[in-house]
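In what follows, a structure is listed as C-alpha cells, so that the remarks can point back to it.
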There are 2 protein chains.
Amino acid sequence: MKRKPTPDHLLLDQQFCFALYAASRSITGLYRPLLDPLGLTYPQYLVMLVLWEQDGLTVRELGQRLQLDSGTLTPLLKRLQAAGLVDRKRRIEDEREVDIRLTAAGLALREQASDVPKCMAQRLQLSLDQMQTLRDELKRLTRQLQLSPTED
Amino acid sequence: MKRKPTPDHLLLDQQFCFALYAASRSITGLYRPLLDPLGLTYPQYLVMLVLWEQDGLTVRELGQRLQLDSGTLTPLLKRLQAAGLVDRKRRIEDEREVDIRLTAAGLALREQASDVPKCMAQRLQLSLDQMQTLRDELKRLTRQLQLSPTED
DNA sequence: CAAAATTAAATTGTGTACAATTCAATTTTT
DNA sequence: AAAAATTGAATTGTACACAATTTAATTTTG
C-alpha cells in the first residue's frame, strides 16, 4: 500500500514564505561582517538608522517605525546604552515615556556606517533598479498585511 | 551650527534589507493564527513540510534544506518530539547521525495543514503569478548570497 | 593499526521576537 | 476630584537564530 505523496502546495520549494524567510536570514548574515566592526547587530543597526534620521524618539515611536515591541526594544536599547551609543531617560512631560537619544559616540558612528549600504548593494548583485522594485513590492506587501491583519 | 542630515542611503525607508526583514516578520505573524490550532510555530511548520516531503532525514540534512544549524534544530526537534510528532534516534550505520522520523500523529497532521498555503495565499493579496515571480527572485537572491558569501 | 583529523549533534552563551502580564503614570468618566 | 480606563515601558516566559565549544563516533593518515 503506497503512501500518498505530498501535494504540490505543501512542497517547501513552492513556499513563497520560506523564500522570504531564508532570504531575510541570508541577508542578515551578510550584514554581520560589516556590522561586527561597528559593534552592532543587525537589529541594533536598524535602531541606529532610525535615530540618525531623527534623534530623541520614544521607545514607542521607535517601535512603530521598526515594527518591534518593548519586549524586544527594551533589552536591545539597554545594550546600546551599555555600549555608550544612546542615553535613555524618562520624559518630563510624561514620565511613562522613555526618550532615546544618541550620545556623541552614537552620532559619530554614523560616519563609520556610511559605507555599509554601498557594500551591501555590491554583495547583493542586484541592479539599483531591481533592488528598488523588489524593495517596493515587499513594502507594499508588508503594508497590505498590516492593514488587514485577519480579514479578507 | 547645523548638523548634517542623514545621507539618503542611510534612510530606513531606502533599505532593501529592512523591507525584507519587516516583510518576513509580518508574514510569520500571519501564519501564527493558522498554525496555532496545529500546535506548530512557523519554523516547526517548515520542518514538518520537509519531513512530509521526505521522511527519515538526519538533523544535518534538515539543516541543509532549511539553512538552520543544530543549535536551532536540536531544541526545536526535541519540542516536536515532546509534542509527539517526530521520533529521534541515532542511526545504526553511523551513530553520530540522528534520524528524524514522523510519528503517525506527525504524518496525520499533514491533512490538517493542507489548507494552510491556500489560506496564506488569500491573505497575501497577491496573484499566483506575482507570488511566483517574487518567490523566484528571492530564491535567486538567497542562492546568490550562499554561493559567494564574502567575495566580489 | 594507532594517532590525528574530520564529522554530526549537542551544548553554551548572547541576542532577538513576541505574547502576556505587571507597574506606574496619565486621561477619561462619573 | 476620586475611581476607572488607558497608555508606555518593563518584565516574564517561550522559542528561535547563530557563533563557538564540546563530545562522541568515524575516517584518514602516517
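Chain letters run A, B, ... following the sequence lines, proteins first and then strands; every chain starts at 1.
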Would you call Arg91(B)-Asp99(B) a salt bridge at under 4.0 Å N-O? yes
Examine the side chains of Glu61(A) and Gln54(A) and answer whether a donor and an acceptor come within less than 3.5 Å of each other. no
Length of the CG-C1' vector between Leu40(A) and dT14(C), whole Å: 15 Å
Can you give one letter per nucleotide of nucleotides 15-28 of chain D, 5' to 3': B if a protein heavy atom sits under 4.0 Å from the base, S if only from the sugar-phosphate, - if neither? SSBBB-----BS--
Write down the distance between CG (Leu73(A)) and P (dG15(C)), rounded to a whole number of angstrom. 15 Å
At under 4.0 Å, does any side-chain N or O of Lys78(B) touch on OP1 or OP2 of dT14(D)? no
Given atom CG of Leu77(A) and atom C1' of dG8(D), what is their separation to the nearest angstrom? 13 Å
What's the CD-C1' distance between Glu61(A) and dA9(D), to the nearest Å? 14 Å
Among Val50(B), Leu51(B), Val47(B), whose side-chain contact (heavy atoms from CB on, under 4.5 Å) with Arg65(B) holds? Val50(B)
Nearest whole angstrom, please: distance from the C1' of dT16(C) to the CG of Leu80(A). 12 Å
Compare every heavy atom of Gln14(B) with every heavy atom of Asp8(B), then report the nearest pair and how far apart it is. O-CG, 3.2 Å
Using atom CG of Leu62(A) as one end and atom C1' of dA10(D) as the other, report the distance to the nearest whole Å. 15 Å
Specify the separation, in whole Å, of atom CD1 of Ile27(A) and atom P of dT16(C). 19 Å
Leu80(A) side chain reached by Arg88(A) side chain, heavy atoms, under 4.5 Å: no
Heavy-atom pair with the smallest gap, counting every atom of Gln112(A) and Leu38(A): OE1-CD2, 3.4 Å
To the nearest angstrom, the CD-P distance between Gln64(A) and dT7(D) comes to 12 Å
